[in-house]
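The block underneath contains the structure these notes are about, expressed in structure tokens.
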Amino acid sequence: MSLPAEQSEHPDYRFTLANERTLLAWLRTGLAIVAGGVAVVTYAPDLGTPWASSAVAVALVLIGLGTSLAGYRHWHANERAIRAGEPLPHSWLMPTVSAAIAGVVVVVAVLVGIEVLDQ
């Protein structure tokens, strides 16, 4: 049984809803990263050196902002591909966010090491 022409042009709504859930997951991830930046400033004000806590917090807030904005771009590109019946575009979002967070973790590890050695 074939669908009428007007129905066959629209994508399955489940794909759009799944894409929206993915966007919401990226937004939650960005918000959690920003909250981590606020936590660093609040609970670790003297992390190795006087400026380190602020630098780590600013980096986390910027990574969180970038994650949220990139998540929206990713959603928009996927939505366009879904509606056009094309393959989903390649995403650079996951490796980029992972690398940025790994960089912050390395910096924090060095700062914690400095603080431990100074005691």
Side-chain angles (χ1 to χ4, degrees):
M1 180 169 101
S2 65
L3 296 173
E6 60 197 38
Q7 285 183 344
S8 64
E9 294 175 14
H10 297 289
D12 188 342
Y13 68 90
R14 292 175 290 183
F15 297 126
T16 298
L17 294 175
N19 193 31
E20 288 176 3
R21 285 190 299 273
T22 302
L23 169 62
L24 293 174
W26 281 115
L27 294 176
R28 283 190 306 270
T29 300
L31 184 60
I33 295 169
V34 169
V38 172
V40 167
V41 168
T42 304
Y43 299 111
D46 299 323
L47 189 58
T49 62
W51 53 266
S53 178
S54 298
V56 168
V58 167
L60 287 171
V61 168
L62 291 176
I63 292 169
L65 174 65
T67 299
S68 297
L69 294 174
Y72 174 79
R73 285 186 52 149
H74 182 67
W75 167 81
H76 192 264
N78 284 350
E79 193 65 25
R80 201 172 333 134
I82 289 169
R83 293 196 179 278
E86 298 171 352
L88 297 180
H90 176 72
S91 175
W92 49 267
L93 185 55
M94 184 78 69
T96 304
V97 172
S98 298
I101 295 295
V104 170
V105 168
V106 168
V107 169
V108 169
V110 168
L111 293 170
V112 167
I114 290 170
E115 187 163 328
V116 167
L117 293 176
D118 283 345
Q119 289 182 353

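The same ILVMFWY cluster, assembled from side-chain heavy atoms under 4.5 Å apart, contains both Val116 and Leu47.
Residue Tyr72 shares its hydrophobic cluster (ILVMFWY side chains chained together at separations under 4.5 Å) with Leu23, Leu24, Leu27, Trp75. Through direct or indirect side-chain contacts shorter than 4.5 Å among Ile, Leu, Val, Met, Phe, Trp and Tyr, Val41 is connected to no other residue.
Ile101 pairs by the side-chain contact (heavy atoms from CB on, under 4.5 Å) definition with Ile33, Leu60, Ile63, Val97, Val105, not counting sequence neighbours. With sequence neighbours left out, Asp12 forms a salt bridge (charged side-chain N to carboxylate O under 4.0 Å, His left out) with Arg14. Remark: Phe15 pairs with no residue by the ring pair (Phe, Tyr, Trp, His ring centres under 6.0 Å) rule, at least two apart or across chains. The side-chain contact (heavy atoms from CB on, under 4.5 Å) test applied to Val107 returns Val56, Leu111, not counting sequence neighbours. Checked against side-chain contact (heavy atoms from CB on, under 4.5 Å), Val34 has the following partners two or more places apart in sequence or in another chain: Val61. Evaluation of the side-chain contact (heavy atoms from CB on, under 4.5 Å) rule for Pro89 yields Ala77, Asn78, Ala81 as partners, not counting sequence neighbours.
Within the structure, the side-chain hydrogen bond (donor to acceptor under 3.5 Å, both in side chains) test picks out no pair touching residues 20-31 (sequence neighbours left out). Applying the salt bridge (Lys or Arg N to Asp or Glu O under 4.0 Å) definition to pairs two or more places apart or across chains, none involves residues 61-76. Listed by first then second residue, pairs satisfying side-chain hydrogen bond (donor to acceptor under 3.5 Å, both in side chains) with a partner in residues 38-64 read Thr49-Trp51, not counting sequence neighbours.
Met94 CE to His74 NE2: the interatomic distance, rounded to the nearest 0.5 Å, is 8.0 Å. Atom CG in Asn19 sits 10.5 Å away from atom NE2 in His76 (nearest 0.5 Å).
Taking each heavy atom of Ser68 and Leu31 in turn, the nearest pair found is OG-N, 4.5 Å.
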